[in-house]
K.L.:
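Below: one structure in structure tokens.
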Amino acid sequence: MEVVGEAETETRALKPCLLRRNHSREQHGVAASCLEELRSKACDILAIDKSLAPVTLVLAEDGTIVDDDDYFLCLPSNTKFVALASNEKWAYSNSDGGTAWISQESFDVDETDSGAGLKWKNVARQLKEDLSSIILLSEEDLQVLIDVPCSDLAQELCQSCVTVQGLQNTLQQVLDQREEARQSKQLLELYLQALEKEGSILSKQQESSAGFGDDMDAVDAGTNRESSSGVTLTGQVLAALKEKPAPELSLSSRDLELVTKEDPRALAVALSWDVKKTETVQQACHQELSLRLQQVQSLHSLRSMSSRKSSPPGELREPKRAKQEPA
């Protein structure tokens, strides 16, 4: 049995890796079949004194401690490692100029020139934490993730390209459903406008309340000058409310909540609307927010029931992070 074990070890595939010391720009290419072999080669190649053992291997990208062989085997080839002696702490470095992993400092500099790149990564991390947050995303965020190359999104989510392609298809379906809902509301509005032009009951109701509405608008015009300063919505949200049909379908759940909490009179002044139209839009935003929260709650309930019926053999733990030196 020992001979078989030795044979399996010898035939285990070698993984090419890149090694360097902390705060060093010099990199060394090595190949190892397991973590223990990589640690041993790190001590020899990087001239780490054995008195400074044990040596800790962390990812040069973000300082994740790699101490599990299975996790090591899942990493891509030419992953960059930093070898830390027992008296060292990992710190960000801009010395990693390779293409496999990008250091945090160089990442921040690059993303200054590309706001869209930073945005999709932030949204992707949100999905990674909770997939049900798809329901809470704005249409803009959904489109951002759909437009990201599949390979880039797969690397960010640590998933296969096949899985990520399915995710992007789901995002497109959610986007399509919102567009269908918007078109349905537009058709309903056109139908109601046609009834008003034909002198239907709706137009009579509008005429009967016209005098009261004019009086209220006059009062609103005097009082909203003071309350308009209380609107906390961003210009982007105000533009969506004013320009897009069925704006509640375009906004994220956080923006929907902010809209519903705004004072109707102050919001009416900011949008140059009458109070009645503003309250109607706020009510639509409230209904859309309630619907999304119900969907999220349903997904969590189904997930909880599924986990109770078939409990997994072990829970995945979040990777440990190396302690970072103070700036």
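Only this structure's heavy atoms are used, side chains among them; waters, hydrogens and symmetry mates stay out. Note that the numbering runs from 1 along the sequence shown for the chain.
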K.L.:
State, yes or no, whether a side-chain contact exists between Tyr71 and Thr64 at a heavy-atom distance under 4.5 Å.
P.N.:
yes
K.L.:
Just by distance, do the side chain of Ser272 and the backbone of Ala268 share a donor-acceptor pair under 3.5 Å?
P.N.:
no
K.L.:
Once rounded to the nearest 0.5 Å, what's the spacing between atom SG of Cys17 and atom CD of Gln27?
P.N.:
12.0 Å
K.L.:
Quick check for you: to the nearest 0.5 Å, what is the distance between Lys80 atom NZ and Leu19 atom CG?
P.N.:
12.0 Å
K.L.:
Going by the rule salt bridge (charged side-chain N to carboxylate O under 4.0 Å, His left out), which residues pair with Asp255 if we only count those two or more places apart in sequence or in a different chain?
P.N.:
none
K.L.:
Looking at every non-hydrogen atom in both residues, tell me the closest pair between Ala60 and Arg20 and how far apart they are.
P.N.:
CB-NH2, 4.2 Å
K.L.:
Is the backbone N or O of Ser250 less than 3.5 Å from a side-chain atom of Lys244, with the two atoms forming a donor-acceptor pair by type?
P.N.:
no
K.L.:
Do Leu127 and Val164 share a hydrophobic cluster, counting only Ile, Leu, Val, Met, Phe, Trp and Tyr and linking them when any side-chain heavy atoms are less than 4.5 Å apart?
P.N.:
yes
K.L.:
Quick check on the hydrophobic clustering: are Leu251 and Leu249 connected, directly or via other members, by side-chain heavy-atom contacts under 4.5 Å?
P.N.:
no
K.L.:
Can you name the residues that form a salt bridge (charged side-chain N to carboxylate O under 4.0 Å, His left out) with Glu179, not counting sequence neighbours?
P.N.:
Arg182
K.L.:
Does His286 have more than 12 heavy atoms from other residues, nucleotides or ligands lying within 6.0 Å of its NE2?
P.N.:
no
K.L.:
Measure the CD1-CG distance between Ile65 and Leu59 for me, rounded to the nearest 0.5 Å.
P.N.:
10.0 Å
K.L.:
Near Gln236 CD, under 6.0 Å, is it more than 12 heavy atoms from other residues, nucleotides or ligands?
P.N.:
no
K.L.:
Under the criterion side chain to side chain contact (heavy atoms under 4.5 Å, CB included), I'd like the reasoning laid out for Trp273 against Val281: C-alpha separation, chi angles, the key distance, then a yes or no.
P.N.:
CA-CA 11 Å; Trp273 288 353; Val281 172; 3.5 Å; yes
K.L.:
Checking side chain to side chain contact (heavy atoms under 4.5 Å, CB included) between Phe81 and each of Val30, Thr56, Val58, Val66, which is the one that passes?
P.N.:
Val66
K.L.:
Do Val174 and Leu157 land in one hydrophobic cluster if side-chain heavy atoms of ILVMFWY residues count as linked below 4.5 Å?
P.N.:
yes
K.L.:
Pair Leu267, Val275 - check side chain to side chain contact (heavy atoms under 4.5 Å, CB included), show working.
P.N.:
CA-CA 8 Å; Leu267 186 57; Val275 177; over 6 Å; no
K.L.:
Test Leu84 against Lys89 for side chain to side chain contact (heavy atoms under 4.5 Å, CB included), laying out the working first.
P.N.:
CA-CA 7 Å; Leu84 300 176; Lys89 293 181 179 180; 6.0 Å; no
K.L.:
Do you know which two heavy atoms are closest between Pro247 and Ala240, and how far apart they sit?
P.N.:
CB-O, 3.3 Å
K.L.:
Indicate yes or no: at least one non-hydrogen side-chain atom of Arg292 is less than 4.5 angstrom from one of Glu288.
P.N.:
yes
K.L.:
So, for Cys285 and Val259, which heavy atoms are closest and what is the spacing to 0.1 Å?
P.N.:
SG-CG1, 3.8 Å
K.L.:
So that I can tick it off, tell me whether Arg21 and Glu88 are bridged by a salt bridge, with the cut-off set at under 4.0 angstrom between side-chain N and carboxylate O.
P.N.:
yes
K.L.:
Roughly how far, to the nearest 0.5 Å, is SG of Cys161 from CG of Leu153?
P.N.:
9.0 Å
K.L.:
Determine whether the side chains of Asn122 and Gln126 contain a donor N or O and an acceptor N or O closer than 3.5 Å.
P.N.:
no
K.L.:
Between Leu271 and Leu238, is the side chain to side chain contact (heavy atoms under 4.5 Å, CB included) condition met? List the steps.
P.N.:
CA-CA 7 Å; Leu271 296 173; Leu238 291 174; 3.9 Å; yes
K.L.:
If hydrophobic clusters are built by linking Ile, Leu, Val, Met, Phe, Trp and Tyr wherever their side-chain heavy atoms come under 4.5 Å apart, do Leu256 and Leu233 end up in the same one?
P.N.:
yes
K.L.:
With heavy-atom distances below 4.5 Å as the criterion, would you say the side chains of Gln168 and Leu145 are in contact?
P.N.:
no
K.L.:
Which heavy atom of Ser253 sits nearest a heavy atom of Leu289, and at what distance?
P.N.:
O-CD1, 3.6 Å
K.L.:
Tell me whether Lys128 is salt-bridged to Glu156, with the criterion being a basic N under 4.0 Å from an acidic carboxylate O.
P.N.:
no
K.L.:
Will you find, in the side chains of Gln172 and Asp176, an N or O donor that is under 3.5 Å from an N or O acceptor?
P.N.:
yes
K.L.:
Any side-chain heavy atom of Leu57 sitting closer than 4.5 Å to one from Leu38?
P.N.:
yes
K.L.:
Please report the closest heavy-atom contact between Lys277 and Asp274, naming both atoms and the distance.
P.N.:
N-OD1, 2.7 Å
K.L.:
Are Asp152 and Lys121 ion-paired here, with the side-chain N under 4.0 Å from a carboxylate O?
P.N.:
no
K.L.:
Between Lys185 and Glu248, is there a side-chain N and carboxylate O pair less than 4.0 Å apart?
P.N.:
yes
K.L.:
Report the residues that fulfil salt bridge (charged side-chain N to carboxylate O under 4.0 Å, His left out) with Glu36, sequence neighbours left out, ordered by chain and then residue number.
P.N.:
Arg39
K.L.:
Calculate, to the nearest 0.5 Å, the distance between atoms CG and CD belonging to Leu293 and Glu257 respectively.
P.N.:
8.0 Å
K.L.:
If I take atom CG from residue Leu175 and atom CG from residue Leu142, how far apart are they, to the nearest 0.5 angstrom?
P.N.:
5.5 Å
K.L.:
Examine distances only and state if a side-chain atom of Asp69 and a backbone atom of Leu35 form a donor-acceptor pair shorter than 3.5 Å.
P.N.:
yes
K.L.:
So, do Arg265 and Val269 sit near enough that their side-chain heavy atoms are less than 4.5 Å apart?
P.N.:
no
K.L.:
Looking only at atom types and distance, does a side-chain atom of Lys15 sit under 3.5 Å from a main-chain N or O of Leu73, one as donor and one as acceptor?
P.N.:
yes
K.L.:
Would you call Gln282 and Thr278 a side-chain contact if the rule is heavy atoms closer than 4.5 Å?
P.N.:
yes
